[in-house]
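Whatever order the structure lists ligands and atoms in, that order sets their numbers, starting from 1. FYI, side chains are in, hydrogens and waters are out, and symmetry mates aren't considered; it's all heavy atoms of this structure.
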Amino acid sequence: MNLDSAKAKLATFGQEHVLRYFDELDPALQSKLLDQIEATDMSILDSCHHREELAKKGVITPLACMELPEIEAHADEYREIGEKAIREGKVGAVLLAGGMGTRLGSDDPKGMYNIGLTRDLYIFQCIIGNLMDVVDSVGAWVHLFVMTSEKNHDATVRFLTEKNFFGYDKGHIHFFQQEMAAATDYDGKILLEEKGRMATSPNGNGGWFISLIRAGLLDTIHSEGIEYLNVFAVDNVLQRIADPVFVGATMAKECSVGAKVVRKNAPDEKVGVMCLEDGRPSIVEYYELTEELMNAKDEKGDPAYNFGVILNYLFAVPELERVVDGDLPLHVVEKKIPCLDENGNFVKPESPNGFKFENLVLDMIHQMDSCLPFEVEREREFAPIKNATGVDSVESARALLQKNGVML
Ligand code: UTP
């Protein structure tokens with residue numbers, strides 16, 4: 001893109017300030033900035049001015065969950081179906097590791113965080129170890145697709161390579177990078193992270209399937225005969241991946257997607273809960289749950305919206321391919337964005353200073369025709385690490401790991 005075209009594009013979106021330092025840059029940096037301007041979707045930025053409208057939901061009604069007693073009663077049957085599918089190579093896993101982990105506050109990718117006390121125990125190591133349990137019991141490797149972002153790709157690949165993938169078969173690990181989106185201040189003006197570079201952040205975890213296709217990995221999925229993808233977050237160290245019983249139950253119920261859920265520990269717990277929205281599966285965020293919905297009861301007298309998602313979904317690949325061109329809603333999220341201040345000095349803010357623009361994997365549930373919410377025991381499968389201390393932290397995850405017999 002040449003300078004005139006860049007000026008025209010920026011003027012269309014009210015972002016002319018992006019070229020504020022252009023004349024100070026050497027030609028190589030000028031050219032990089034022009035390329036970045038060309039590649040950036042600026043049409044989404046205006047949405048920060050109507051965030052409330054973006055969050056509007058349809059009519060919410062309950063969605064029944066497969067609860068622990070029912071799972072227990074059919075566990076052998078489901079396990080057999082799931083193990084067979086895994087052994088036949090029909091199940092792949094997708095690790096979402098493109099996030100910035102800003103709340104944890106480490107500059108390294110979150111998976112590199114060492115949560116050991118008397119020995120090294122990295123988050124990546126816990127996750128790969130959990131997947132290895134299934135590989136060992138079933139006797140077949142599971143293809144693991146790892147999504148990173150421009151911000152953490154090199155560090156992630158370097159680390160896992162140095163650690164020899166914690167014993168996982170290298171031939172079954174595939175990296176791919178997600179897209180980036182510009183970040184703005186509260187007025188929707190793009191922030192600069194360098195004089196010749198707009199501030200960007202990963203565009204949320206909802207673009208994982210499109211990014212996987214762009215990386216050419218759909219061919220691998222087809223050629224390897226993978227029919228289901230188990231998508232999961234990097235930060236839950238008790239995560240069960242390619243869990244045969246979960247796989248078998250989702251297959252037996254012929255659902256487009258299965259979602260692992262935990263029973264809420266209080267009506268106002270801050271988790272997204274499973275529901276139907278306008279008759280289709282969906283997830284309603286805790287801040288969207290009205291008092292009325294929070295206290296609603298089902299026919300058994302139990303809370304009607306009682307199961308929270310833990311970011312562990314099993315998608316049927318043909319269903320993903322069917323919806324791949326469909327739009328996902330945009331989320332405009334307040335975050336801390338390192339950037340240049342008005343004097344051109346680089347600052348790392350202590351509190352949120354602007355917006356990031358994200359698509360979320362939870363919105364993909366609403367694109368699916370049917371969903372099986374599948375209850376798991378919180379204490380055995382849910383130890384998220386979001387913060388350094390307090391709720392959902394390194395401390396709470398360590399306690400849960402120890403409870404599950406993991407030596408730290
Ligand atoms: P979070 O919502 O916890 O976001 O991600 P985050 O960026 O990791 O952390 P904070 O909010 O900055 O502290 C949930 C999961 O989705 C992945 C994360 O890596 C994590 O596994 N994710 C998130 C992506 O892969 N890409 C993204 O753009 C955002």
Side-chain angles (χ1 to χ4, degrees), residues 41 44 93-113 122-124 126-128 130-131 144-153 155-156 159-160 175-183 199-212 214-215 229-239 241 259-260 270-272 283 285-287 308-313 328 330-338 348-365 382-394 396-397:
D41 179 3
I44 59 172
V94 181
L95 165 57
L96 303 175
M100 298 282 283
T102 44
R103 284 169 286 172
L104 185 59
S106 160
D107 285 337
D108 289 329
K110 203 186 248 189
M112 285 174 61
Y113 199 89
Y122 302 95
I123 292 181
F124 278 137
C126 290
I127 282 170
I128 290 177
N130 294 349
L131 183 54
L144 174 62
F145 301 88
V146 182
M147 182 167 87
T148 61
S149 74
E150 184 189 284
K151 302 269 180 193
N152 67 14
H153 181 80
T156 301
F159 177 76
L160 286 172
F175 292 97
F176 66 103
Q177 286 191 49
Q178 68 173 105
E179 326 292 313
M180 306 294 285
T200 57
S201 70
N203 67 345
N205 55 26
W208 68 270
F209 191 60
I210 294 167
S211 301
L212 186 143
R214 288 196 182 128
L229 287 172
N230 187 182
V231 179
F232 64 98
V234 72
D235 45 33
N236 175 8
V237 283
L238 280 182
Q239 186 104 242
I241 307 143
K260 285 203 166 186
K270 291 185 171 167
V271 287
I283 291 161
E285 283 287 7
Y286 65 90
Y287 49 82
V309 286
I310 59 170
L311 217 176
N312 188 314
Y313 305 110
L328 285 174
L330 193 66
H331 293 254
V332 182
V333 199
E334 259 191 285
K335 291 259 180 169
K336 296 180 213 169
I337 303 155
K348 273 189 164 185
E350 297 285 315
S351 52
N353 59 331
F355 295 125
K356 290 184 176 178
F357 298 77
E358 299 187 336
N359 292 129
L360 300 182
V361 63
L362 60 83
D363 290 316
M364 293 173 80
I365 302 302
F382 191 42
I385 298 179
K386 300 287 184 191
N387 307 299
T389 54
V391 179
D392 295 345
S393 67
V394 177
S396 59

At what distance is the nearest protein heavy atom to [atom], and which residue and atom is it?
| atom | result |
| --- | --- |
| atom 20 (C) of ligand 1 | Leu96 O, 3.7 Å |
| atom 16 (O) of ligand 1 | Asn205 ND2, 3.0 Å |
| atom 26 (N) of ligand 1 | Gln178 OE1, 2.6 Å |
| atom 23 (C) of ligand 1 | Gly99 CA, 3.6 Å |
| atom 25 (O) of ligand 1 | Gly98 N, 2.9 Å |

**OP:** From atom 27 (C) of ligand 1, work out which of Ser201, Gly204, Gly101 has a heavy atom at the shortest distance.
**Re:**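 Considering heavy atoms of Ser201, Gly204, Gly101, the nearest to atom 27 (C) of ligand 1 sits in Gly204.
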Original post:
Is ligand 1 under 4.0 Å from a heavy atom in the side chain of Ala97, in the backbone, in both, or in neither?
Top reply: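 For Ala97, the contact with ligand 1 is made by the backbone alone.
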Original post:
For ligand 1, does Met147 get within less than 4.0 Å through its side chain, its backbone, both, or neither, judged by non-hydrogen atoms?
Top reply: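 Near ligand 1, Met147 shows its side chain, while the N, CA, C and O stay back.
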Subject >> Aromatic plane relationship, His153 with Phe175 - under 30° parallel, 30 to 60° tilted, over 60° perpendicular >> reply: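 Phe175 vs His153 ring planes: perpendicular.
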Original post:
Are any non-hydrogen side-chain atoms of Lys336 and Ser351 less than 4.5 angstrom apart?
Top reply: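 Lys336 vs Ser351: side chains apart.
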Original post:
Is Asn130 reaching over with its side chain to a backbone N or O of Ile241, donor-acceptor style, under 3.5 angstrom?
Top reply: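 No, because the side chain of Asn130 does not come within donor-acceptor range (under 3.5 Å) of the backbone of Ile241.
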Original post:
Which pair of heavy atoms, one from Met112 and one from Tyr122, lies closest together, and at what distance?
Top reply: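 So the minimum-distance heavy-atom pair works out to O-CD2, 3.2 Å.
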Original post:
Can you name the nearest heavy-atom pair linking Ile123 to Lys110, along with the distance?
Top reply: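 In this case the closest contact between Ile123 and Lys110 is CD1-O, 3.4 Å.
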Original post:
Is there a heavy atom of Lys335 sitting under 4.0 angstrom from any atom of ligand 1?
Top reply: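 Contact check Lys335 vs ligand 1: positive.
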Original post:
Between Asp392 and Lys270, is the closest basic N to carboxylate O distance under 4.0 Å?
Top reply: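 Salt bridge between Lys270 and Asp392, a charged N being under 4.0 Å from a carboxylate O: no.
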